[in-house]
Amino acid sequence: MPERLVVIGGDAAGMAAASQARRLNPNLDIVDLERGTRTSYSACGIPYLVAGDVASPDDLVARTPEEFRREHRIDVRMRHEAMAVDLDARTVEVRSLDHDRTFRLGFDQLMFGTGARPIRPALPGIDGAQVRGVQTLDDGCHLLTQAKEMGCRDVVVVGAGYIGLEMAEAFHRWGARVVLVEAAERPMSRTLDPDMADRVVGQIHRLGIEARFGVGVEGFEAGVVHTAAGPVRADLVVLGLGVAPESTLAEQAGLTLGTRGSISVDRRQAASAPGVWSAGDCAETYNRVSQRRMHVALGTVANKTGRVAGVNIGGGYATFPGVVGTAITKVCGTEVSRTGLSTDEAERAGFQVVSATVETTTVAGYLPNAEPMTAKAIAEKGTGRLLGFQIVGGAGAAKRIDTAATAITAEMTVMDVVELDLAYAPPFSSVWDPVQVAARAVVRQV
Ligand SMILES: Cc1cc2nc3c(=O)[nH]c(=O)nc-3n(C[C@H](O)[C@H](O)[C@H](O)COP(=O)(O)OP(=O)(O)OC[C@H]3O[C@@H](n4cnc5c(N)ncnc54)[C@H](O)[C@@H]3O)c2cc1C
């Protein structure tokens, strides 16, 4: 009998692991269990599906179950949910959702790629049919179908993190009247420093999205969201309150959990029991700057950690060095990105910080397409080590964060960044790249 790998979850982390394991070990019997209807989809594309930029959910699928079966010999079982794991017996209890049948599947190695689930606080009416979270492509499709069938006019988005903002913009462009409700005083409050987050607010209002900051939600009823500032009409409510790792199954099986309930893993993505692995949104990761364990729910990390798990499962050797905290989004024409630590995160990690915020332009300021861009650099006092970087600006601004992410990974100082030989011509940049302009401003304070 060949060795069997059972993978739970059929998206980024699960299928990256399964594909890598197959590449390294052609003899492995690989079974993937996915309770939804699609594999290897881009959840990141859901806002663009809702907004109408993407014609069909199928366009967001990188590889179908048939392709995995045919090209990788992975036995993908759709609409099959893992209900329980017995680590001693080395079996998974599986429910076939379409046939109302339960059976046991033995494994030699087991991979948890179960992802995350939207946070649903215990508020009255939160389980109402009109209150939806968004995590999987199936969630995105249900949301759109529901909106169309109900002829939605009024959509309330709760939470102004990046998913909330992207969904608010998507429904606005879809044609709904959108109200964004956020308990914090500003959007992206866990991602950006307050001075940078304030720059996003104006853009949200300018587009015609009504945003209520500093307002908590108290409950939901059909057609209405009750907030601390009064009721808001809502045909549909989209939750953007962040996600929690989907680790219930792993916890019940007795695996060790870490930050925010994510599955504890080592550098090779091995969980706390032999032959058990985890990656993606359900697994814990490591921040290379703060040197602390953390939970990150991003597709970039899910693909990389899934690959590392797969290499190790297949008999190879790979490690995941951790993240520096890079993220990017676009809100109503304004690009936003960050990497490293925010000022607050850096201080909580024990650094004494200096920072500078500079106003610059996306391309040479004299060109007609130049748009304003704000860049903030955060460095360690004394050493000048670059700890964090944030950008808010027009078209072409945010992806410059990759320069800062690379510099932080290499543990460069702001003095090193100033000396980098970066590309310049007027249609691309000012003669001093905006990342270097911000770095120079910090050098004076180090
Ligand atoms: C609206 C939105 C926008 C996003 N935008 C970005 C972006 O721009 N950039 C970025 O980097 N990231 C983005 N993300 C995050 C990114 O999509 C996730 O980090 C990534 O999908 C995580 O992959 P995963 O495989 O770990 O988990 P998931 O994609 O959540 O997949 C887990 C799968 O496991 C299945 N599953 C769970 N439990 C079981 C079980 N018991 N049995 C069987 N199957 C099970 C689920 O059905 C699901 O299909 C976005 C997410 C959303 C929702």
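All residue numbers refer to positions in the sequence shown, counting from 1. Quick caveat, the model's predicted, so the values are computed rather than measured. Start at 1 and go down the list; that is how both ligands and their atoms are numbered.
The single protein non-hydrogen atom nearest to atom 53 (C) of ligand 1 is Val134 O, 3.5 Å, given as residue, atom name and distance. Ranking protein heavy atoms by distance to atom 27 (O) of ligand 1, first place goes to Gly115 CA, 3.2 Å. Looking at atom 16 (C) of ligand 1, its nearest protein heavy atom turns out to be Gly299 N, 3.5 Å. Residue, atom and distance of the protein heavy atom nearest to atom 35 (C) of ligand 1 are Glu34 OE1, 3.3 Å. The nearest heavy-atom contact from the protein to atom 37 (C) of ligand 1 is Thr114 O, 3.3 Å. Closest to atom 8 (O) of ligand 1, if we only count protein heavy atoms, is Cys44 CB, 3.8 Å. Nearest non-hydrogen protein atom to atom 52 (C) of ligand 1 is Ile163 CD1, 3.5 Å. Here the protein heavy atom with the shortest distance to atom 36 (N) of ligand 1 is Arg35 NE, 3.8 Å.
Remark: ligand 1 atoms within the under-4.0 Å shell around heavy atoms of Ala297 are 15 (C), 19 (O). Ligand-side atoms of ligand 1 in range of Tyr162: 4 (C), 5 (N), 6 (C), 12 (N), 13 (C), 14 (N), 15 (C), 50 (C), range being under 4.0 angstrom from any heavy atom. The contact set between ligand 1 and Gly113, taken as ligand atoms under 4.0 Å from a residue heavy atom, comprises 32 (C), 33 (C), 34 (O). Heavy-atom contacts of Ala43 reach the following atoms of ligand 1: 1 (C), 2 (C), 3 (C), 17 (O), 52 (C) (cutoff under 4.0 Å). Counting the atoms of ligand 1 from 1 in the order shown, those under 4.0 Å from a heavy atom of Ala302 are 22 (C), 23 (O), 26 (O). Every atom of ligand 1 with a heavy atom of Tyr41 under 4.0 Å away is listed here by number and element: 29 (O), 31 (O), 48 (C), 49 (O). Near His80, with a cut-off below 4.0 Å to any heavy atom, the atoms of ligand 1 are 43 (C). Close contacts of ligand 1 with Ala12, meaning ligand atoms under 4.0 Å from a residue heavy atom, involve 23 (O), 25 (O).
The option from Val85, Asp11, Val7 that lies nearest to atom 29 (O) of ligand 1, judged by heavy atoms, is Asp11.
Geometrically, ligand 1 and Ala13 share a nitrogen or oxygen pair separated by less than 3.5 Å. Between Asp281 and ligand 1, a contact under 3.5 Å exists for at least one N or O pair. For ligand 1, one of its N or O atoms has an N or O atom of Ala82 under 3.5 Å away. Considering backbone and side-chain N/O of Cys282, none are found under 3.5 Å from N/O of ligand 1. Considering both main-chain and side-chain atoms, Gly280 never comes within under 3.5 Å of ligand 1 through any nitrogen or oxygen pair.
A donor atom on one side chain and an acceptor atom on the other are found under 3.5 Å apart for Glu221 and His226. Checked by atom type, the side-chain pair Thr362/Glu371 shows no donor-acceptor distance below 3.5 Å. Between the side chains of Arg293 and Thr259, not a single donor N or O lies within less than 3.5 Å of an accepting N or O. A donor-acceptor contact under 3.5 angstrom links the side chains of Glu166 and Thr329, judged on distance only. In the model, Thr343 has a side-chain atom that pairs as donor or acceptor with a side-chain atom of Asp193 under 3.5 Å. Defined by atom type and a distance below 3.5 Å, a donor-acceptor pair is missing between the side-chain atoms of Ser264 and Thr256. In this structure, a donor-acceptor pair under 3.5 Å is absent between the side chains of Asp32 and Thr39.
Atom CZ of Arg267 has 12 or fewer neighbouring heavy atoms from other residues, nucleotides or ligands inside a 6.0 Å radius.
Considering Arg35, Arg77, Arg79 in turn, Arg79 is the only one that fulfils the salt bridge (Lys or Arg N to Asp or Glu O under 4.0 Å) rule with Asp98.
Contacts between Ile328 and ligand 1, counted as non-hydrogen atom pairs separated by less than 4.0 Å, are absent for every part of the residue. Residue Leu249 touches ligand 1 through its side chain alone, judged by heavy-atom distances below 4.0 Å.
Looking at heavy atoms from C-beta onward, Leu24 lies in side-chain contact with Val311 at the 4.5 angstrom threshold. With contacts defined as side-chain heavy-atom distances shorter than 4.5 Å, the pair Cys152/Trp174 qualifies.
A donor-acceptor pair under 3.5 Å is absent between the side-chain atoms of Glu335 and the main chain of Gly393, judged by distance alone.
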(request) List the steps and the verdict of salt bridge (charged side-chain N to carboxylate O under 4.0 Å, His left out) for Arg104 and Glu93. (result) CA-CA 5 Å; Arg104 278 179 199 284; Glu93 185 184 313; 3.8 Å; yes

(message) Pair Thr319, Arg268 - check side-chain hydrogen bond (donor to acceptor under 3.5 Å, both in side chains), show working.
(response) CA-CA 5 Å; Thr319 58; Arg268 301 181 70 202; over 6 Å; no

